[in-house]
Amino acid sequence: MAADQPGNTRDDSVVSDARNGLPGAFEVLFGRYHAAVYRQILLWVNGDHAAAEDVAQEAWWRIARGVKRFEGRSGFYAWACRIARNESRRWLERNARKPRLLPPPGATDDAEQRDRDYSSELVHMALKRLPEKFATPLMLELWEDMSLIEIAEALGVPEGTVKSRLHRGREKFREIWEAMHREMGL
Amino acid sequence: MKDRLDQLIINAKPQAPSPAATLAALRARPETAVVGAAAWILRAAALFVLAAGVGALAALLPGSGVGIPAASNDDSIAGLNDRAGVLEELARLERQVASVEAAHRAQLDALIDAAVREALAQKQLRERERWQERHIAYVRRRYARQMDEKLAQLQADGIDEEKYDRAREILEQHGLQAVDLIRSTYNRAERRDGFATLARETEERLQRLTGAEQWRDLLGAEPESWAPTTDFEDWTDLDSHMHWMRQTSRG
């Protein structure tokens with residue numbers, strides 16, 4: 001794992017530095033979790049990248065302002081995600097858009113790319129249907145390439161909990177995936 | 001080795017934009033500049049208070065005036081003591097300003113937190129009431145239709161008038177109790193198992209009234225549960241909202 005990937009050093013010390021206003025500490029946390037938070041937001045705003053960028057910017061601004069009051073009762077990532085979720089909800093309330101299943105007509109002429117986009121959207125829908133406590137560890141493991149220890153630290157839960165949530169998350173994802181295919185007659 | 005579904009999820013990993021762009025946008029936010037400016041204004045004000053305090057003290061202390069030579073060693077020592085006193089007073093003032101600043105900041109933070117908490121609570125309350133009313137309207141519409149269908153079937157089966165009126169009464173009571181239960185569930189006074197109990201009790205009463213066989217033939221299926229499908233843990237569950245949007249739009 002590269003040096004700028006999540007969880008290489010303990011979050012606690014960097015968070016403590018960020019709370020004390022130590023220059024560069026917040027940037028370390030930002031670098032560590034920016035992509036993971038962005039992908040989480042993208043699911044909440046129904047795959048709209050432009051919206052996800054706006055929401056991510058607003059969320060990180062609030063995280064930066066609030067980090068001094070972060071008490072460490074959960075992991076930093078879990079706390080940052082709660083802020084990002086609230087921002088996503090605000091965005092959804094302002095922009096009551098419906099989930100989009102297929103890319104808009106003419107978005108791409110490449111049939112293979114269209115299939116990949118469609119399949120990705122189905123996966124995102126299934127992940128959205130999963131309870132967050134199962135979806136988040138799965139996304140951290142499979143999208144952010146984080147280890148059990150790193151996920152446990154990011155979420156502020158014991159490793160055993162992460163392990164069981166990953167296991168149950170996979171089972172539930174499979175059930176949801178199969179149910180979705182039955183619903184759609186695929 | 002990743003299994004097929006793992007690979008499917010990995011393939012669906014969305015691209016994230018460059019962190020540098022977001023960071024630059026964050027740094028360029030005008031609000032950040034305003035916060036910075038406010039901090040500098042506060043600092044300048046504190047320095048002004050300090051300077052004024054030092055000036056006043058210096059004016060009060062003998063031997064601290066510029067250009068007045070020390071008359072003797074004793075005078076020099078007294079002058080040094082005076083200056084040490086000024087420095088101590090300066091440090092005390094600085095501590096005072098810092099403590100006033102901290103208290104002001106804490107008070108402001110507490111006020112903002114309280115205002116945000118209150119606004120969120122109000123918003124959640126409005127949201128909950130909105131969904132509760134929508135849920136009840138949906139149940140009333142569907143239940144009225146179902147009740148009419150059941151009564152029409154009872155009539156077609158040749159039930160006498162007295163039993164028909166009694167069955168209507170039982171079904172109407174069930175509808176009213178279901179609505180009450182929905183209100184209690186939204187207010188956390190009741191859990192969802194109250195709906196199952198109500199459905200069971202109503203079914204038993206109707207069975208006693210019409211005869212078990214007739215009622216079983218009439219129903220032919222499990223009664224519909226009017227309970228919310230999830231516990232609405234924080235009243236903001238998007239999936240729950242979407243579920244009820246779909247349900248209620250079917251009317």
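All of these numbers come straight from a predicted model, not from anything done at the bench. Chain letters run A, B, ... following the sequence lines, proteins first and then strands; every chain starts at 1.
Electrostatic pairing of A:Arg174 and B:Asp3 counts as a salt bridge here, judged by a charged N lying under 4.0 Å from a carboxylate O. Using a cut-off of 4.0 Å between Lys/Arg side-chain N and Asp/Glu carboxylate O, B:Asp109 and A:Lys68 are scored as not salt-bridged.
In this structure, A:His49 and B:Gln15 approach most closely via the heavy-atom pair CE1-O, 3.5 Å. Shortest non-hydrogen contact noted between B:Ile10 and A:Leu142 is CG1-O, 3.7 Å. Here the closest non-hydrogen pair linking B:Pro17 and A:His34 is O-CE1, 3.2 Å. Nearest approach of B:Asn11 to A:Ser120, heavy atoms of both residues: O-OG, 4.0 Å. Shown here for B:Ala12 and A:Trp143, the closest heavy-atom pair between the two residues is O-CZ2, 3.6 Å.
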Criterion side chain to side chain contact (heavy atoms under 4.5 Å, CB included) on A:Arg170 and B:Asp6, from CA distance to verdict: CA-CA 8 Å; A:Arg170 282 189 165 88; B:Asp6 274 5; 2.9 Å; yes

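Legend: residues meeting ring pair (Phe, Tyr, Trp, His ring centres under 6.0 Å) with A:Phe173, ordered by chain and number and at least two apart, are A:Trp177. Looking at residues two or more places apart in sequence or on another chain, you find no side-chain hydrogen bond (donor to acceptor under 3.5 Å, both in side chains) involving B:Gln177.
Taking CD1 of B:Ile9 as the start and CD of A:Glu141 as the end, the distance is 9.5 Å to the nearest 0.5 Å.
Under a cut-off of 6.0 angstrom, the local environment of CZ in A:Arg19 is crowded, with over 12 non-hydrogen atoms contributed by other residues, nucleotides or ligands. Atom CG of B:Leu87 has more than 12 heavy atoms from other residues, nucleotides or ligands within 6.0 Å.
A:Glu27 touches chain B through its side chain: at least one heavy atom from C-beta onward sits under 4.5 Å away, while N, CA, C and O do not.
By number of non-hydrogen pairs under 4.5 angstrom with chain B, the leading residue of A:Leu138, A:Asn86, A:Val123, A:Leu42 is A:Val123.
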